[in-house]
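A short write-up of the structure that comes next.
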Amino acid sequence: MSLEGLRRRAGTVLQPAGVLLTALGAGSVLCFALAFAAGVKPLELAAALWEGAWGSPDAAATSLAKTTPLLLNGLAVTLAYQVRLLNIGCEGQLTLGALAAAAFANAASFLPPFLLLPLTVLAGAAAGALWALPPLWLRQRRGVHEVISTLLLNYVAIYLAEYLVLGPLGDGTAMGRTPEIPSGAAWGPLWHFGTQGITAAPITALAAAVLAQVWLSGTVWGYEVRATGSNPDAARAAGISVEAWQRRLFLLSGALAGLAGALEIVAVHHRFYRAFSPGYGFDGITAAFLVNTVSAWLPLSGLLLAGLRAADKWLQMALGVSPSVILVIQATLLLSVACREGFQAVLRGKWKRAGKSRGGSPMLLR
């Protein structure tokens, strides 16, 4: 391989690291600003974040458990984005996937565990894929942008799940929950961290990310997917079915979000609760773009966001800081990624004054 080819490959591999470091830098600056505003020393805030996320075996177990839905939803967004589709509907797909898994496990409790366990997980993935089908149809048949349809369908899914869990699928109480799934459908802990157990769910999510990266970078199908995303017109001219790959990847994206919900049921909660997700589907968007939608780097962004999620209550207990600070930090991370190219252009001096708008304000063009 030529030197230029090596440089290109190195840039492709290291670019997500640069995106993540940019976001971390902006997040650190915000953390320090928030610490000063709250009357807390910045080092105390950083120490509290570490203590709440990874400072004890129980904290580490909590962070690892939260990594699973973040990693799978990040992977769902990443795969759809490979074919120029943006799946904002992971929250709804995750919710219905979790509800479907709990309902199936209770309805099929007569099955032996070696069938009940995988079929429960598959039921959740299938529900997520089915909920991704309407926005895909609207995009390809009616030209409705998938961002609008998936975003709106999130609320349809959440309220539909709430109706079902308070009605026909509930446990008969006003708690808004399903009955507990049978033990044959639950994933037991593989090992213990402190007082908590770690199941195979984080390993499953990590394996999915690794397999996705190998598939995208090392197979002919992966090449066709990347070609579809890079230049759809050229891909069509080469005989690649762009619409078919968009359908496959978007449905796979929905299935991964549904899988995330199913794993939350079988490995963590063991029943579906109304509004059981604190926003994992939306956090998956942040996880994906923090690493420039490269699946091999998703475990890092997933661990970062999971650690922040796990530390929110510890911040309040240790420093009296509102847990909402974590949401502000996450928003800053995402905004810094969105503005990264602009920051780089400013630093390199590539922005130039091109004129003034009619109102007299300067207009900057690249």
For Asp58 and Ser56, does a side-chain donor sit closer than 3.5 Å to a side-chain acceptor?
-> no
Taking atom types as modelled, is there a side-chain donor on Thr62 or Gln196 under 3.5 Å from an acceptor on the other?
->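 On atom types as modelled, these side chains qualify, holding a pair under 3.5 Å.
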If every non-hydrogen atom of Val83 is compared with every non-hydrogen atom of Thr228, which pair is closest and at what distance?
->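 Looking at all heavy atoms of both residues, the closest pair is CG1-CG2, 3.9 Å.
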Considering all heavy atoms, the nearest Ala287-Ser301 contact |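 Scanning both residues, the minimum pair turns out to be O-OG, 2.9 Å.
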One should read off an interatomic distance between His269 NE2 and Thr178 OG1, to the nearest 0.5 angstrom, of 11.0 Å
Candidate list Leu304, Leu290, Leu305, test side-chain contact (heavy atoms from CB on, under 4.5 Å), partner Gln330, passing option |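 Of all the options given, the one that passes is Leu305.
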Quick one, [X] and [Y] - any side-chain contact, counting heavy atoms below 4.5 Å?
{"X": "Phe272", "Y": "Leu164", "answer": "no"}
{"X": "Asp312", "Y": "Leu308", "answer": "no"}
{"X": "Thr68", "Y": "Thr199", "answer": "no"}

Measure the acute angle between the ring planes of Trp54 and Trp50, then classify it against the limits of 30° and 60° as parallel, tilted or perpendicular.
->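 Rings of Trp54 and Trp50: tilted, as their planes differ by 30° to 60°.
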Taking the six-membered ring for Trp, are Tyr159 and Tyr155 ring centroids under 6.0 Å apart?
->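 When the ring centroids of Tyr159 and Tyr155 are compared, they turn out to be at least 6.0 Å apart.
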Quick check: does any side chain N or O of Asn292 sit under 3.5 Å from a backbone N or O of Val294, one acting as donor and the other as acceptor?
->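 No, Asn292 side chain to Val294 backbone: no donor-acceptor pair under 3.5 Å.
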Answer yes or no: does atom CE of Met175 have more than 12 heavy-atom neighbours from other residues, nucleotides or ligands under 6.0 Å?
->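 Incorrect, the count does not exceed 12.
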Trp221 atom CH2, neighbour heavy-atom count above 12 within 6.0 Å |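 Not more than 12 within 6.0 Å, no.
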Step-by-step side chain to side chain donor-acceptor pair (under 3.5 Å) determination, Ser277 to Glu91 | CA-CA 8 Å; Ser277 170; Glu91 184 72 11; 2.9 Å; yes
Please list all pairs passing the side chain to side chain donor-acceptor pair (under 3.5 Å) test where one or both residues lie in residues 72-87, with sequence neighbours left out.
->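 Counting only pairs at least two positions apart or across chains, the side chain to side chain donor-acceptor pair (under 3.5 Å) contacts touching residues 72-87 are Asn87-Gln93, Asn87-Ser253.
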Do Leu256 and Leu251 share a hydrophobic cluster, counting only Ile, Leu, Val, Met, Phe, Trp and Tyr and linking them when any side-chain heavy atoms are less than 4.5 Å apart?
->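 Same cluster: Leu256 reaches Leu251 through Ile, Leu, Val, Met, Phe, Trp or Tyr contacts under 4.5 Å.
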Does a side-chain N-to-carboxylate-O contact under 4.0 Å join Arg141 and Glu243?
->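 No salt bridge links Arg141 with Glu243.
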